[in-house]
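The next block holds one structure in the form of structure tokens; read it before the comments.
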Amino acid sequence: VAASESYPEELLYNAEHDWARIEGGEAVLGITWYAADSLGELVHFEPPAPGDSVQKGRSYGEVESVKAVSELIAPLSGEVVQVNEKVRGAPETVNEDPYGDGWLVRIKLTDPAERDSLLDVEAYRAVVAES
Amino acid sequence: VATTLRRTPLYEKHVEAGAKLVPFAGWEMPVQYQGVIAEHKAVRTDAGVFDVAHMGELEVEGPTAGRLLQHVLSNDVTKLRPGDAQYTLLTNEQGGIVDDLIVYRLEDCRYLLVVNAANRDTDYEAIKERELRGSDVRDVSDEYALLAVQGPKAIDRLGLPHAKAFTWAMGEVDGVEVMVNYTGYTGEEGVELACMADDAPELWDAILARGVTPCGLGARDTLRLEVCYPLHGNDIGPRWDAISSGLGWVCALDTDFVGADVLRDVKSRGPERKLVAFRMTEQAIPRQGMAIEGGGEVTSGSLSPMLEVGIGLGYVPAGAGAPGTELTVDVRGRPRRGEVVPKPIYKREE
């Protein structure tokens, strides 16, 4: 069952509909409800490998629905420490729980100051309103 | 450039049902309601209804109508009696496929052609140009709406009699008069109902009230791909000849239709490339336009909702086209393995 529209206040966002939850020197990344809803039910997650470096603003993987492919744009830079295996096996988890069980990767931040350039929930809602 | 998208008589119904609407062949059409996968499975297990009113209808009438169609269409029209239907191709001089369509024999001297939305004008002109004295071609697309009701329970849910595939009969669904065509594009038993355009909303409501699931073009595409029905513009088209496209079985090469001599030649030499079905053996979803190693190209690709693996259709060199042959698809720079499989890719386990 797809989740209903929500954008948690404690997360940071980019304009490409990716979110980040900063936890100390690490961050968990995922895609927003809006991104998941636009794509439709996800059927494939092409993740980076643990140890890969991801760069803010660059693609770090892909998600696919039956009809579409979408690149994952890293909101922050870092090194991949964990990939969500649950989503790999059951990509629709992202539609069901985009901010919880549907997280995608965990990274070790290489430039924590980058967070200052991300959008807060109000700014992100404005992006969604214009999309 | 601003283009105005056309809307079918069911546009309001789609909005009401919460459809996601997208541009398709110049029309604003529902791609999905609740989700492609759920709609796909509804058709495989029960019944789904598709608005296909964007498709074109041409009527060919007159004492020489049969002779005209025998000349422009690849299959043998003379095999049809009134009440019969036939899958056939409109070919060009090179044996390429201008369109694929279904011809229904309405009366001795009257035929209905149901053609792809994008090719309506091209088809009309191609036939009109060859019109004979004593035959008349008319585009009647705007007079009719077409609703496909497909699935193992489709006919029972509509309360219609079962009949042989590729036949048609007049009928009625909850007071709406319809031409019941026992044809479809999903690989399931079902019908395509032609009604007067004004009656379409009432017919749509009646079908939904009978417990049929509304389905969008997304599911229509995955359903036809699982059973390897080619999509004109993707898998078949004017640049590929009908033999290479695997449609030699709808070409009556003993008749004299447009391009038949070229096709006879291709058949005797053997085609250089072949349209094959394949499934991925690694996790990946092939997509239209991706390269197949060794000089091939994916023409349709998706995830199969029933098999839960990537599947596709594509052209490969004829020598690499036998079922069981391995192939490698370039998935945005990543080589991913698959294998050629027999058509259809999906078949219900009985």
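Below, chain A is the first sequence line, B the second, and so on; all start at residue 1.
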- Task: Sort Gln283(B) into side chain, backbone, both or neither according to what part of it lies under 4.5 angstrom from a heavy atom of chain A.
- Result: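 Both backbone and side chain.
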
More than 12 heavy atoms of other groups within 6.0 Å of [X] [atom1]:
X: Arg157(B); atom1: CZ; answer: yes
X: Arg115(A); atom1: CZ; answer: no
X: Lys108(A); atom1: NZ; answer: no
X: Glu282(B); atom1: CD; answer: yes
X: Glu10(A); atom1: CD; answer: yes

- Item | Structural part of Asp37(A) lying under 4.5 Å from a heavy atom of chain B |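 When you check distances to chain B, atoms from both the backbone and side chain of Asp37(A) fall under 4.5 Å.
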
- Item | Region of Glu92(A) in contact with chain B, defined by heavy-atom distances below 4.5 Å |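 When you check distances to chain B, no heavy atom of Glu92(A) falls under 4.5 Å.
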
- Rounded to the nearest 0.5 Å, what separation is found between the OG atom of Ser65(A) and the CD atom of Gln32(B)?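 Taking OG in Ser65(A) and CD in Gln32(B), the distance rounds to 8.0 Å.
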
- Could you tell me the separation between the CZ atom of Arg334(B) and the CD atom of Glu62(A), rounded to the nearest 0.5 Å?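 These two atoms lie 4.0 Å from each other.
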
- Task: Check the pair Arg332(B) / Glu46(A) against salt bridge (Lys or Arg N to Asp or Glu O under 4.0 Å), numbers first and verdict last.
- Result: CA-CA 11 Å; Arg332(B) 292 176 294 279; Glu46(A) 188 75 37; over 6 Å; no

- Item | Residue among Val331(B), Ile37(B), Thr222(B) with most heavy-atom pairs under 4.5 Å to chain A |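 Most heavy-atom pairs under 4.5 Å with chain A: Ile37(B).
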
- Taking every non-hydrogen atom, the tightest pair across Lys67(A) and Asp221(B):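 Heavy-atom minimum between the residues: NZ-OD2, 3.4 Å.
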
- Message: I need the minimum non-hydrogen distance between Val69(A) and Arg287(B), along with the two atoms involved.
- Response: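 So the two residues come closest at CG2-NE, 3.5 Å.
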
